[in-house]
> 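Mind having a look at this structure? Questions to follow.
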There are 2 protein chains.
Amino acid sequence: MLERGLASTRVADIAKATNVSGGLIHYHFATKDDLITEMLRSTSDSEIQRLKEIVAGPGTAVQLLDRVLRFYIPASRSDQSWILWVDAWAVGVREEHVRTILLELEDAWIEILSQVISAGVASGEFTCDDPLGSAERIDGMLDGLVVRYTLHTGNLSRSRMLHHARVAAAREVGLRLSDFPDEPAEAP
Amino acid sequence: MLERGLASTRVADIAKATNVSGGLIHYHFATKDDLITEMLRSTSDSEIQRLKEIVAGPGTAVQLLDRVLRFYIPASRSDQSWILWVDAWAVGVREEHVRTILLELEDAWIEILSQVISAGVASGEFTCDDPLGSAERIDGMLDGLVVRYTLHTGNLSRSRMLHHARVAAAREVGLRLSDFPDEPAEAP
DNA sequence: TCATTGACTGATTGACCAATCAGTAGTATG
DNA sequence: CATACTACTGATTGGTCAATCAGTCAATGA
């Protein structure tokens with residue numbers, strides 16, 4: 001699916017990749033659309049779960065925020081998971097069941113970002129009078145940057161993306177860039 | 001194309017919509033891919049030109065910045081031009097000639113945003129030590145928010161999007177939200 | 001031991017659609 | 001007037017692919 005794209009992956013391709021017959025695919029999934037929907041749902045669910053585990057873990061608010069930002073950003077060039085979501089956006093424009101999954105995923109991200117910020121405000125680490133708004137802006141920025149990163153290999157490095165994420169997040173919660181954990185962020 | 005999507009629009013659909021025969025489409029465009037590419041190129045070019053006209057116009061740096069932000073954001077629900085680009089992103093992942101067009105368009109946006117910010121710094125209106133970085137962040141955020149706006153009707157209002165854009169831009173160039181022109185931005 | 005069921009195969013079918021092609025009509029050129 | 005050229009039509013073709021279907025095989029259980 002990552003190789004060929006949601007639309008132009010044939011049922012026969014999936015059959016080949018999984019070493020089963022085309023018939024078996026249709027034995028388990030009534031239509032190709034069903035298969036795609038279930039795949040997206042399952043991917044989204046495990047992403048949300050991983051995310052929840054991160055924020056449930058130990059650490060200060062800055063550490064948690066940084067971990068969330070890092071989880072957002074693709075681990076490397078070879079981490080192609082985002083290709084799936086860019087594909088899904090295009091499908092989601094027309095198909096409501098896909099759109100629903102996307103909405104849930106995005107809402108989860110925003111809600112969790114918002115929670116992390118609120119917790120930091122409560123503990124006195126952060127200053128922010130609109131955690132939800134900040135979460136929406138950070139989420140939006142990361143979505144946009146990831147598209148750029150995914151599409152235009154070499155035009156935006158991972159470390160520069162992380163730098164951007166930290167600069168923006170720092171501004172949103174009233175920190176300085178240097179307040180973030182030590183991993184070096186490439187200079188602008 | 002906006003109705004059915006880049007991938008599932010048939011040549012016959014275009015023929016019907018333009019009141020010509022299918023044959024004529026192939027008389028002018030060797031393949032469907034050619035047609036799509038030329039369409040994207042042409043749309044991108046006129047978008048870039050409009051953008052250049054805006055920044056070449058009169059006004060203070062804040063006014064120009066605000067005009068650029070407003071041009072970015074879809075005019076209304078019925079302004080579906082962004083659907084095209086979300087579609088194109090998905091295609092661009094696999095097809096280089098589409099990717100090239102997308103890269104050019106995005107670079108143009110970033111360059112112009114960066115120029116407007118630099119001009120504002122030069123005139124003393126703005127404070128910003130990394131105009132290019134700021135432009136990348138603002139561009140990214142708008143891309144991401146627009147996807148959300150385009151996909152999830154009703155989940156994010158246009159005025160809230162404009163609010164987000166202004167808050168983020170204000171922070172990037174050292175202004176307060178109230179420094180932007182008067183059109184009311186919805187409360188958070 | 002025989003019937004039933006669930007997992008699975010691979011060939012087939014039928015719909016769909018980009019691209020082709022033979023042919024028509026109108027216009028310009030010498 | 002004849003030739004040539006451009007714009008155009010609509011029927012046809014050939015390839016692609018989701019979905020179906022008849023049938024195999026192994027495990028379960030009465």
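Since the model is a prediction, treat every value here as computed from it, not as a measurement. Residue numbers begin at 1 in each chain, while the letters A, B, ... track the order of the sequences.
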> With sequence neighbours excluded, what pairs up with T127(B) under the side chain to side chain donor-acceptor pair (under 3.5 Å) test?
none

> When you measure from the side chain of D13(A) to the backbone of R10(A), do you find a donor-acceptor pair of N or O atoms at a distance under 3.5 Å?
yes

> Within the 4.5 Å heavy-atom criterion, are W82(A) and L2(A) side-chain neighbours or not?
no

> Would you jot down, in residue-number order, the residues of residues 93-101 of chain B having a non-hydrogen atom under 4.0 Å from DNA chain D?
none

> Distance check needed: dG10(C) C1' versus I14(A) CD1, whole Å only.
17 Å

> Going by the rule salt bridge (charged side-chain N to carboxylate O under 4.0 Å, His left out), which residues pair with R50(A) if we only count those two or more places apart in sequence or in a different chain?
none

> Could you give the CG-to-P distance, from N19(A) to dC8(C), as a whole number of Å?
12 Å

> Looking at residues at least two apart in the chain, or sitting in another chain, which of them share a side-chain contact (heavy atoms from CB on, under 4.5 Å) with E125(B)?
T60(B), A61(B), V62(B), S123(B)

> N/O contacts under 3.5 Å, protein versus nucleotides 17-22 of chain C?
{"from": "dC17(C)", "atom 1": "OP2", "to": "R10(B)", "atom 2": "NH1", "distance (Å)": "2.9"}
{"from": "dA18(C)", "atom 1": "OP1", "to": "K32(B)", "atom 2": "NZ", "distance (Å)": "3.4"}
{"from": "dA18(C)", "atom 1": "OP2", "to": "V11(B)", "atom 2": "N", "distance (Å)": "2.9"}
{"from": "dA19(C)", "atom 1": "OP2", "to": "H26(B)", "atom 2": "NE2", "distance (Å)": "3.0"}
{"from": "dA19(C)", "atom 1": "OP2", "to": "K32(B)", "atom 2": "N", "distance (Å)": "2.8"}

> In whole angstrom, what separates L24(B)'s CG from dG23(C)'s C1'?
15 Å

> What is the distance from atom OG1 of T9(B) to atom CE of M39(B), rounded to the nearest 0.5 Å?
7.5 Å

> Enumerate the residue pairs fulfilling ring-ring contact (aromatic ring centres under 6.0 Å, His included) with a member in residues 99-140 of chain B, sequence neighbours excluded, ordered by first and then second residue.
F71(B)-W109(B), Y72(B)-W109(B)

> Check whether K32(A) reaches the backbone of H26(A) with its side chain - one donor and one acceptor, N or O, closer than 3.5 Å.
no

